[in-house]
Undergrad: 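One structure follows; several queries about it will come next.
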Amino acid sequence: MARETAGTPRSAMVLLGIGLLAGSAFVGGAWWGAERATTIDESQASDSVPERAIESGTTGIAAGITAAPASTIEWPPLPSLDTPLAEVFDELTDRARRGDARAACRLGATLQRCAQAREQRHVARDIETEIARRNETPNGVVAMIDRAEGMADKMGAGCDGLVSAQFAQAYQWQKHAAMLDPNLRVAFALSPALERRDFVNQLDLWNDYRSLAMPWLEAAAKEGDAVAVIALARIHGDMRRTSPPLPPFRIEDDERFVTYADLMQRYGIDVPVVIREAAEKRERLPPEARQRATTRADELFRADLPLPDEAAAKAAMRRSLRGLPDEEFCEEGQPSR
């Protein structure tokens, strides 16, 4: 994120920060929640693991990781969800290194959650400091601080005892889990554990993410994954500044948007505003591009799969807006609700 600009009070910046943090779950809901690249060898990616340690605090994470397929080892249950991560960090790390996708998933999901809780606390403290410096209390700010601290307390359950070096490992464990278990790849593509406000210092990590996100989403869509289809329609068709932050990138392409919007409808995911915009953009496409979009949708549609019912379609939409699976997902291997 850019530094404070001239003429912009710091109080406005910190209030904006808390608004972004608290509102990330529903930004853009009018479009997607309500009515209103690089390619890779998939066969290789499914069996591979990171070959090098990633920079920016994760040095050594990949060292010693083995590529034992998760199906060849019967792993014991993960520690209970109410166990502080710091108490089982070494155990989970050892299991993840030896090929336990669920342990790697738990590490990535919990570290990202704990990092978000820590950020909420930082924002609340920044606001308190600004209030004290100005010797004034704007209306509603105290309640906003209380909400931020309450959210941090809720999100930060089981996070005590973790240190910055451990938080920095979240992305690596997310990626490792996704490489071991293809079922985790869409979630990884939707919400990587990377700091959007520290993009320059994490450039290598963002480039690494870029090399994986689109190929994994497209591969999942080819298998009939409704969440991936929704995400790809959003990537190619929703260019608003207030569009949902998941996935964290957009590539404007009317032809591809029409393809994936068509697929959404075929899978019973009817979002009226998406249907209308796809119809408008289809009319604007040249005839040859229009035909390519339809042909591609025909190729991608999995007529052999049962169509999702209304509840499943709504669940797919929620998952496309929610991002990473939570710890229950890692334990049970079921979509988060």
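Since the structure is predicted, the reported quantities are computational estimates derived from the model, not experimental observations.
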Undergrad: Would you compute the distance between atom CG of Leu217 and atom CZ of Arg185 and round it to the nearest 0.5 angstrom?
TA: 11.5 Å

Undergrad: What's the shortest heavy-atom distance between Leu111 and Leu162, and which atoms?
TA: CD2-CD1, 4.2 Å

Undergrad: I need the minimum non-hydrogen distance between Arg196 and Leu246, along with the two atoms involved.
TA: NH2-CD2, 4.1 Å

Undergrad: Would you find a donor on one side and an acceptor on the other, under 3.5 Å apart, between the side chain of Arg250 and the backbone of Met239?
TA: no

Undergrad: Is the shortest heavy-atom distance from the side chain of Phe257 to the side chain of Asp238 under 4.5 Å?
TA: no

Undergrad: Using modelled atom types only, decide if a donor and an acceptor are shared between the side chain of Arg106 and the backbone of Pro79 within a distance under 3.5 Å.
TA: yes

Undergrad: Is there a donor-acceptor pair closer than 3.5 Å between any side-chain N or O of Glu277 and the backbone N or O of Gly237?
TA: no

Undergrad: Answer yes or no: is there a donor N or O on one side and an acceptor on the other, between the side chain of Thr294 and the main chain of Gln291, under 3.5 Å?
TA: no

Undergrad: What distance do Met155 atom CE and Arg121 atom CZ have between them, rounded to the nearest 0.5 Å?
TA: 9.5 Å

Undergrad: Output the distance between atom CZ (Arg98) and atom CH2 (Trp75), rounded to the nearest 0.5 Å.
TA: 4.0 Å

Undergrad: Look at Arg95 together with Glu91 and state whether they make a salt bridge at an N to O cut-off of under 4.0 Å.
TA: yes

Undergrad: In terms of hydrophobic clustering (I, L, V, M, F, W, Y; side-chain heavy atoms under 4.5 Å; direct or indirect links), are Leu212 and Leu203 co-clustered?
TA: yes

Undergrad: Ignoring hydrogens and geometry, is there a side-chain-to-backbone donor-acceptor pair from Arg118 to Ser164 under 3.5 Å?
TA: no

Undergrad: Does the side chain of Ile230 reach to within under 4.5 Å of the side chain of Arg319, using non-hydrogen atoms?
TA: no

Undergrad: Do any pairs count as a disulfide (SG to SG under 2.5 Å) and have a residue in residues 159-194, sequence neighbours left out, and if so which ones?
TA: Cys114-Cys159

Undergrad: Do the non-hydrogen side-chain atoms of Leu78 and Glu327 ever get within less than 4.5 Å of each other?
TA: no

Undergrad: Pairs in or reaching into residues 164-253: which pass disulfide (SG to SG under 2.5 Å), with residues at least two apart or in two chains?
TA: none

Undergrad: Not counting sequence neighbours, which residues clear side chain to side chain donor-acceptor pair (under 3.5 Å) with Glu255? List them please.
TA: Arg292

Undergrad: Backbone N or O of Ala220 within a donor-acceptor pair of the Glu223 side chain at under 3.5 Å?
TA: no

Undergrad: Taking only distance into account, with no hydrogens and no angle test, what donor-acceptor pairs under 3.5 Å do side-chain atoms of residues 261-271 form with protein atoms, sequence neighbours excluded?
TA:
{"residue": "Asp262", "atom": "OD1", "partner": "Arg266", "partner atom": "NE", "Å": "2.9"}
{"residue": "Asp262", "atom": "OD2", "partner": "Arg266", "partner atom": "NH2", "Å": "3.2"}
{"residue": "Arg266", "atom": "NH1", "partner": "Asp298", "partner atom": "OD1", "Å": "3.0"}
{"residue": "Arg266", "atom": "NH2", "partner": "Asp298", "partner atom": "OD1", "Å": "2.8"}
{"residue": "Tyr267", "atom": "OH", "partner": "Arg302", "partner atom": "N", "Å": "2.9"}

Undergrad: Quick check: is Leu190 connected to Phe199 through a chain of hydrophobic side chains (ILVMFWY, heavy atoms under 4.5 Å apart)?
TA: yes

Undergrad: Taking all non-hydrogen atoms of both residues, which atom of Leu305 and which atom of Gly224 are closest, and how far apart?
TA: CD1-CA, 3.9 Å

Undergrad: Could you note down all residue pairs passing disulfide (SG to SG under 2.5 Å) where residues 168-259 supplies at least one of them, sequence neighbours left out?
TA: none

Undergrad: Compare every heavy atom of Ala178 with every heavy atom of Phe188, then report the nearest pair and how far apart it is.
TA: CB-CB, 4.1 Å

Undergrad: Restricting to non-hydrogen atoms, name the atom on Pro248 and the atom on Ala189 that form the minimum distance, rounded to 0.1 Å.
TA: CD-O, 4.1 Å

Undergrad: Of all heavy-atom pairs between Gln174 and Ser191, which one has the smallest distance, and what is that distance?
TA: NE2-O, 3.6 Å

Undergrad: For residues 306-316, which side-chain donor-acceptor pairs fall under 3.5 Å, sequence neighbours excluded?
TA:
{"residue": "Asp309", "atom": "OD1", "partner": "Ala311", "partner atom": "N", "Å": "3.3"}
{"residue": "Asp309", "atom": "OD1", "partner": "Ala312", "partner atom": "N", "Å": "2.7"}
{"residue": "Glu310", "atom": "OE2", "partner": "Lys314", "partner atom": "NZ", "Å": "3.3"}

Undergrad: Is there a side-chain contact between Pro182 and Trp216 in this structure, where contact means two heavy atoms from C-beta onward sitting under 4.5 Å apart?
TA: no

Undergrad: Would you say the side chain of Trp173 lies within less than 4.5 Å of the side chain of Gln112, judging by non-hydrogen atoms?
TA: no

Undergrad: Asp160: which residues meet the salt bridge (charged side-chain N to carboxylate O under 4.0 Å, His left out) condition with it, sequence neighbours left out?
TA: none

Undergrad: Starting at CZ of Arg113, measure out to NZ of Lys154 and round the result to the nearest 0.5 Å.
TA: 11.5 Å

Undergrad: Donor-acceptor check, side chain of Arg234 to backbone of Ser320, threshold 3.5 angstrom: yes or no?
TA: yes

Undergrad: Membership question, hydrophobic clusters at under 4.5 Å side-chain separation (ILVMFWY): are Ile275 and Val258 in the same one?
TA: no

Undergrad: Can Ile251 be reached from Leu194 by stepping across I, L, V, M, F, W or Y side chains whose heavy atoms are under 4.5 Å apart?
TA: yes

Undergrad: Would you call the rings of Phe249 and Tyr209 parallel, tilted or perpendicular, where under 30° means parallel and over 60° means perpendicular?
TA: perpendicular

Undergrad: Do Ile235 and Tyr260 touch side chain to side chain, with heavy atoms closer than 4.5 Å?
TA: no

Undergrad: Is Met179 close to Leu184 at the side-chain level, that is, under 4.5 Å between some pair of heavy atoms?
TA: no

Undergrad: Could you list the residues that satisfy side chain to side chain donor-acceptor pair (under 3.5 Å) with Asp254, not counting sequence neighbours?
TA: none

Undergrad: Under 3.5 Å, is there a donor-acceptor pair between the side chain of Arg102 and the main chain of Cys330?
TA: no

Undergrad: Does anything in residues 274-297 pair up under ring-ring contact (aromatic ring centres under 6.0 Å, His included), and if so which pairs, sequence neighbours excluded?
TA: none

Undergrad: Could you walk me through whether Gln169 and Leu107 pass the side-chain contact (heavy atoms from CB on, under 4.5 Å) check?
TA: CA-CA 9 Å; Gln169 298 174 15; Leu107 283 167; over 6 Å; no

Undergrad: For Asp82, enumerate each residue passing the side chain to side chain donor-acceptor pair (under 3.5 Å) test, keeping only those at least two apart in sequence or located in another chain.
TA: Ser80

Undergrad: Report yes if some heavy atom in the side chain of Asp100 is under 4.5 Å from a heavy atom in the side chain of Leu180; otherwise report no.
TA: no

Undergrad: Can you pull out every ring-ring contact (aromatic ring centres under 6.0 Å, His included) where at least one residue sits in residues 81-123? Sequence neighbours excluded, please.
TA: none

Undergrad: Please name all residues satisfying side chain to side chain donor-acceptor pair (under 3.5 Å) with Thr259, sequence neighbours left out, ordered by chain then number.
TA: none

